[in-house]
*Asks:* 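Before I ask anything, let me first share the structure, which is written out below as structure tokens.
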Amino acid sequence: MTSINVLGVPHAYDLTAATASPSVLVFIHGWLLSRRYWQPLIERLSPDYQCLSYDLRGFGESQCSSSYHQRSLSSATAELRDSAIASPKASKYTPAAYAQDLAVLLKQLNISNAWLVGHSLGGSIALWAGHQLPDAVKGVICLNAGGGIYLKEEFERFRSAGAKILRFRPRWFAQLPLIDLLFSRATVARPIERVWGRQRVIDFVVANPQAALGALLDSTTEAEVHHLPHVVSRLQQPVYFMAGAEDTVMEPKYVRHLASFHPTFRVCGDNVIEISNCGHMAMVEQPDTVVTQLRAIVARHEVQEQVTPR
């Protein structure tokens, strides 16, 4: 694990060796997760593509100091201004704010030819980053990510339940017998390997309280949900969505709805790929299928760029 300072917060990341391909695949995890879940994909893809995975601010090993949350808004705004990346929102935990973190990270690592691969909340962050960095981001691929429809009662129940869950996360929770089995069955079509259940328990327990709650609440406001389709509609890069056929967290119909705002959707959903026997954790449930689709998408657009550079 390597760490790099991004706007005052150390970010843990892994970067594989460069390859003959000009594209760098950048993996962005979802809420209460970490960069670990991308390892099955990176092991398969790194011989052909340089791969970057990192922990979002406040999650995994990218932990914020207590003083970070006490800083004034003016201090945070000044840091963003100094980074030469305009801040569209004041909150530190919106998808747009996390996209700003990514922008700084890519700049510091000298990555200017990125394909962003985002899971769930990471998909929203990837879409925002594609909007903020039209030159550096060559395309966006969302896994188990969609939305754009605000259902008031359902969102209020989701936000309330999420906030309650976050209140009870003592460290000893991770030591409960068989708790990993419970987490290996949550939100997936079939039980995943226990190692991933164990990782989910660890990430659930260690997530920073302010970041976990802030990311939950700031990404599910009515304004944020309604604005995401506008972000997608303005993206000039190729954008693809992979949906789990049995995903109960982000059902395929909501994935298709968000995908429909991008020009590549056309009439039949040309930019949507539905994966059978898959729930909300596509990268560990169906890694071979995801890798096959990623390779095909990136390779196709690399060929197109060679013929007609953007």
*Asks:* Check this for me, if you would: do Glu302 and Arg295 make a salt bridge, where the nitrogen-to-carboxylate-oxygen distance has to be below 4.0 angstrom?
*Replies:* no
*Asks:* Answer yes or no on whether Arg57 is positioned over the face of Tyr98, meaning its NZ or CZ is under 6.0 Å from the six-membered ring centre and within 45° of the axis.
*Replies:* yes
*Asks:* When clusters are formed by joining ILVMFWY residues with side-chain heavy atoms under 4.5 Å apart, either directly or through shared neighbours, do Leu143 and Phe241 land in the same one?
*Replies:* no
*Asks:* Could you tell me whether the side chain of Val24 reaches within less than 4.5 Å of the side chain of Leu106, counting heavy atoms only?
*Replies:* no
*Asks:* What distance do Met283 atom CE and Leu294 atom CG have between them, rounded to the nearest 0.5 Å?
*Replies:* 12.0 Å
*Asks:* In the structure I gave you, are the side-chain heavy atoms of Asp180 and Arg194 within less than 4.5 Å of one another anywhere?
*Replies:* yes
*Asks:* Do Pro238 and Ile297 have side chains that get closer than 4.5 Å, going by heavy atoms?
*Replies:* no
*Asks:* Should the ring pair Trp38 and Phe27 be called parallel, tilted or perpendicular, given that the plane angle runs from 0 to 90° and is split at 30 and 60?
*Replies:* tilted
*Asks:* Please work out whether the ring planes of His119 and His280 are parallel, tilted or perpendicular, with thresholds of 30° and 60°.
*Replies:* tilted
*Asks:* More than 12 heavy atoms of other residues, nucleotides or ligands under 6.0 Å from CD of Glu193: is that the case?
*Replies:* no
*Asks:* Return the orientation label for the Phe173 and Phe168 ring planes: parallel under 30°, perpendicular over 60°, tilted otherwise.
*Replies:* perpendicular
*Asks:* Using 4.0 Å as the upper bound for N to carboxylate O, is an ion pair formed by Asp288 and Arg44?
*Replies:* yes
*Asks:* Identify the heavy atoms of Ala245 and Ser276 that sit nearest to each other, and give their distance.
*Replies:* CB-CA, 4.0 Å
